[in-house]
Amino acid sequence: ASCLRSSKRIMPHKVSHTNSQLDVDLYQQRLWEANPNPQPSERGAMRALRLGHLLDLHSYFEEFLTDRNMYFLEPNIIKPLTAPYRLSYSEVVGPSHVEWFVSHYWGHPFIETCTALKKHAKSCTDAAKSW
């Protein structure tokens, strides 16, 4: 029997994705479209996340996250999103200057952190309107 060899080169592809990996890949593409050339930035007030970035992250992965916390989010979503760049998440999405620093416990459900931050932002907006 003869063996025929093809000269065509077959591009490798992943045979299967888990739903979460597929979502991470799609979200990473979305981040790249919004910030195609992420750069390192100095630590501090200029290397911060806007609330909108956190809310967008939660909204995109909401069904997958449910009541999970940062101890789950960081290795399963944040690290895969940032690993190709070797940058922080804020640098990948595009760091912003912020006026409020928030320290939070990683053990709280991420949705609760987002909800608390939204309430804080609303209270600041409402207070500014009363002036």
Side-chain angles (χ1 to χ4, degrees):
S2 66
C3 189
L4 298 175
R5 292 182 184 219
S6 171
S7 62
K8 290 183 184 177
R9 185 174 175 138
I10 300 172
M11 296 302 293
H13 67 281
K14 294 180 182 176
V15 175
S16 66
H17 281 288
T18 63
N19 286 340
S20 64
Q21 181 61 45
L22 182 59
D23 286 347
V24 168
D25 291 345
L26 291 173
Y27 195 73
Q28 187 173 53
Q29 176 66 28
R30 187 167 143 179
L31 293 178
W32 180 83
E33 289 170 2
N35 187 20
N37 192 23
Q39 297 292 315
S41 61
E42 290 186 34
R43 294 177 186 254
M46 295 302 291
R47 184 182 169 187
L49 285 172
R50 294 178 47 206
L51 177 57
H53 288 139
L54 289 177
L55 298 178
D56 184 62
L57 178 72
H58 179 267
S59 175
Y60 191 87
F61 292 102
E62 186 172 15
E63 289 182 32
F64 181 68
L65 289 173
T66 60
D67 63 349
R68 292 182 166 125
N69 59 32
M70 285 302 296
Y71 289 113
F72 175 85
L73 192 73
E74 192 270 338
N76 292 288
I77 296 175
I78 301 299
K79 280 281 189 191
L81 288 172
T82 61
Y85 305 105
R86 298 183 64 154
L87 296 171
S88 70
Y89 184 71
S90 70
E91 292 166 320
V92 170
V93 299
S96 301
H97 179 268
V98 294
E99 294 187 32
W100 296 93
F101 172 80
V102 177
S103 179
H104 63 93
Y105 171 54
W106 276 31
H108 286 142
F110 186 59
I111 182 61
E112 289 183 18
T113 301
C114 289
T115 301
L117 291 171
K118 282 193 295 190
K119 286 180 181 178
H120 174 72
K122 184 176 178 345
S123 72
C124 291
T125 303
D126 291 345
K129 286 179 183 176
S130 67
W131 289 94

Nearest heavy-atom pair of C114 and L54: which atoms, and what distance? SG-O, 4.2 Å

Does Y85 share a hydrophobic cluster with M46, counting links as ILVMFWY side-chain heavy atoms below 4.5 Å and allowing steps through other members? no

Consider only side-chain heavy atoms of I, L, V, M, F, W and Y, link residues closer than 4.5 Å, and tell whether W106 and I111 are in one cluster. no

Do you know the tightest heavy-atom contact between N35 and G94? ND2-N, 3.5 Å

Salt bridge (Lys or Arg N to Asp or Glu O under 4.0 Å) contacts in which one or both residues fall within residues 52-72, not counting sequence neighbours: R30-D56

Output all residues satisfying ring-ring contact (aromatic ring centres under 6.0 Å, His included) with F101, sequence neighbours left out; order by chain, then residue number. none

List for me each residue that meets ring-ring contact (aromatic ring centres under 6.0 Å, His included) alongside W100, sequence neighbours excluded, and say none if there are none. H120

Nearest heavy-atom neighbours spanning S41 and P95: OG-CG, 3.8 Å

With side chains defined as the heavy atoms from C-beta onward, is the minimum distance between N69 and Y105 less than 4.5 Å? no

Distance-minimising heavy-atom pair for G107 and Y71: N-CE1, 3.5 Å

Sequence neighbours excluded, which residues qualify as side-chain hydrogen bond (donor to acceptor under 3.5 Å, both in side chains) partners of Q29? E33

Does Y27 reach the side chain of I77, with side-chain heavy atoms less than 4.5 Å apart? no

Could you tell me whether the side chain of L81 reaches within less than 4.5 Å of the side chain of V24, counting heavy atoms only? yes

For L51, give me all partners under side-chain contact (heavy atoms from CB on, under 4.5 Å), at least two apart in sequence or on another chain. L55, L117, K118, A121

Report yes if some heavy atom in the side chain of L57 is under 4.5 Å from a heavy atom in the side chain of L49; otherwise report no. no

Atom pair NE2/OG of H53 and S96 - distance to nearest 0.5 Å: 5.5 Å

Can you hop from F110 to V102 via hydrophobic side chains spaced under 4.5 Å? yes

Are any of the side-chain heavy atoms of L73 and L65 separated by less than 4.5 Å? yes

Over all atoms of both residues, closest heavy-atom pair of T113 and H108: OG1-CB, 4.1 Å

What pairs meet the salt bridge (Lys or Arg N to Asp or Glu O under 4.0 Å) rule with one or both residues in residues 71-98, with sequence neighbours excluded? R47-E91, E74-K79

Does a side-chain heavy-atom distance below 4.5 Å link Q28 with P84? yes

For K122, give me all partners under side-chain hydrogen bond (donor to acceptor under 3.5 Å, both in side chains), at least two apart in sequence or on another chain. D126

According to a hydrophobic-cluster definition based on side-chain heavy atoms being under 4.5 Å apart (Ile, Leu, Val, Met, Phe, Trp, Tyr only), do Y89 and W32 belong together? yes

